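Residue numbers begin at 1 in each chain, while the letters A, B, ... track the order of the sequences. The structure presented is a predicted model; accordingly, all values stated were derived computationally and were not measured.
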Amino acid sequence: MNLQQTLINWYLVNKRDLPWRNTTNPYYIWLSEIILQQTQVAQGLPYYTSFVTNFPSVFDLAKADESSILKLWQGLGYYSRARNLHASAQYIVSELNGEFPNTYSELLKLKGVGDYTASAIASISFNEKTAVVDGNVYRFLSRFYGIDTPINISKGFKEFKALAQDLIQSVDPATFNQAIMEFGARQCKPKSPDCTVCPFNQSCVAYAKGTIASLPVKIKASKVKKKYFNYLVVLSNDNKTLLEQRQGKGIWQNLYQFPLVETDKPANYDMIVDTVKSLDYVNEETFELSLYNTSDIVHKLSHQHLNTKFWILTLNSNLPQGVPVQKVESFPVPILIGNFIEDFNF
DNA sequence: AAAACGGGGGG
DNA sequence: CCCCCAGTTTT
């Protein structure tokens, strides 16, 4: 039996029953694929359910407020996915009359849809023979064929894409793409896969050579940077606080947070008090400033560690531009802020 | 080609 | 502590 048919047979027996596997509606496939980018199934599942419930059609998603979409996305990370989802929904409704793009090339024009996602939707919803290359596909193919080309350089992508594209020619693309990914996720796992029960244990190059653990090869990422965040949690006389929406390019774009003072080294009371005194809504005589968390909260992201202090700033005045503390929970916030809000309990 | 972009879970 | 995850966009 050939490789493709072995994968498909394995899949038909071992596939998980997931909600997006009971439809080929491109809108639902798209939602699931965006949610699952760089995200494990277990983590993405509740978000998929929530999005399908709140936005049953692309029209519902298009007409929603960005903040309400970000709120539902809260905690999933890579928030550009949510912003791109919204922009693409509006594009489909206003430019395409609500008709979902139905080819790889047209799908690729959607914001947030790259080679992988365009291939996934085109194959699953429209039976187009275009191969997906995701982390699972890299892992299985690199091990089965013993390929040590690094997967995170363009040469590696081209090599694996061509290989997968060749394999998909003779089979049903929707089933094959899902089979190879599911096989990579469940059998050909990153860490200690059980090769004794693998249907390829007589034909896998890496298993024969004992190189399973070292494949696929990846060029290692640059070092993590440390940053020092100080959040000012303002408490006013009229029971309000201050939230700002993050602007610009960096992380958490368009999400909300308390006023942020970033320092280039761990801050102390004197450094923060100087900043506080210069704020236009602070009366120099009557505020109180205290550190909430004795030791830094370290929020770890892929490329940076945010060493964070929350400072409680109590004012003896009102805050007309503030947010009533009861409404704080309705804003989309990064997990770092969300955890604080939950702990502080206003 | 390399860096930026989140957060959770596993070993 | 390090690696991985149904990757894409920007620089």
What about A/R139, does its side chain sit under 3.5 Å from the base of C/dA6 through a donor-acceptor pair?
no
Do the side chain of A/T117 and the base of C/dG7 come within less than 3.5 angstrom through a donor-acceptor pair of N or O atoms?
no
Once you round it to whole Å, what is the distance between [atom2] of [N] and [atom1] of [X]?
| X | N | atom1 | atom2 | result |
| --- | --- | --- | --- | --- |
| A/K300 | B/dG7 | NZ | P | 15 Å |
| A/K191 | C/dC2 | NZ | C1' | 7 Å |
| A/L45 | B/dG8 | CG | P | 16 Å |
| A/N84 | B/dA4 | CG | C1' | 14 Å |
| A/H305 | B/dC5 | NE2 | C1' | 14 Å |

Tell me which residues in residues 70-78 of chain A lie within less than 4.0 Å of DNA chain B, going by non-hydrogen atoms.
A/G75, A/L76, A/G77, A/Y78
Counting only side-chain nitrogens and oxygens, does [X] get under 4.0 Å of the OP1 or OP2 atom of [N]?
| X | N | answer |
| --- | --- | --- |
| A/K225 | B/dA4 | yes |
| A/Q37 | C/dG7 | no |
| A/Y79 | B/dG7 | yes |
| A/H299 | B/dG7 | yes |
| A/W252 | B/dG7 | yes |

Heavy-atom closest pair, residues A/C198 and A/Q187
CB-NE2, 3.5 Å
Let me know, please, whether A/K249 or A/V133 comes out on the 5' side of the other along DNA chain C by nearest nucleotide.
A/V133
Result for 5'-nearest mapping on DNA chain C, choosing between A/L110 and A/L36, is A/L36
Is A/D274 paired with A/K277 through a side-chain N to carboxylate O contact shorter than 4.0 Å?
no
Is A/R83 paired with A/E66 through a side-chain N to carboxylate O contact shorter than 4.0 Å?
no
Scan for side-chain hydrogen bond (donor to acceptor under 3.5 Å, both in side chains) pairs involving residues 123-149 of chain A, sequence neighbours excluded, and state none if there are none.
A/S119-A/T130, A/S123-A/N177, A/D134-A/N136, A/N136-A/R139, A/T149-A/E159
Verify the distance criterion only: is there a donor paired with an acceptor across the side chains of A/Y116 and A/E33 at less than 3.5 Å?
yes
Which base, if any, makes a Watson-Crick or G-U wobble pair with B/dG6, both distances under 3.5 Å?
none
With rounding to the nearest 0.5 Å, note down the distance linking CG in A/L31 to CG in A/L85.
5.5 Å
Here the gap from A/L279 atom CG to A/E284 atom CD, rounded to the nearest 0.5 Å, amounts to 10.5 Å
How far does the [atom1] atom of [N] sit from the matching atom of [M], given to the nearest Å?
| N | M | atom1 | value |
| --- | --- | --- | --- |
| C/dT11 | B/dG6 | P | 14 Å |
| B/dG11 | C/dA6 | P | 14 Å |
| C/dC3 | B/dA3 | P | 16 Å |

Looking at A/Q321, I want to see if its CD is surrounded by more than 12 non-hydrogen atoms of other residues, nucleotides or ligands under 6.0 Å.
yes
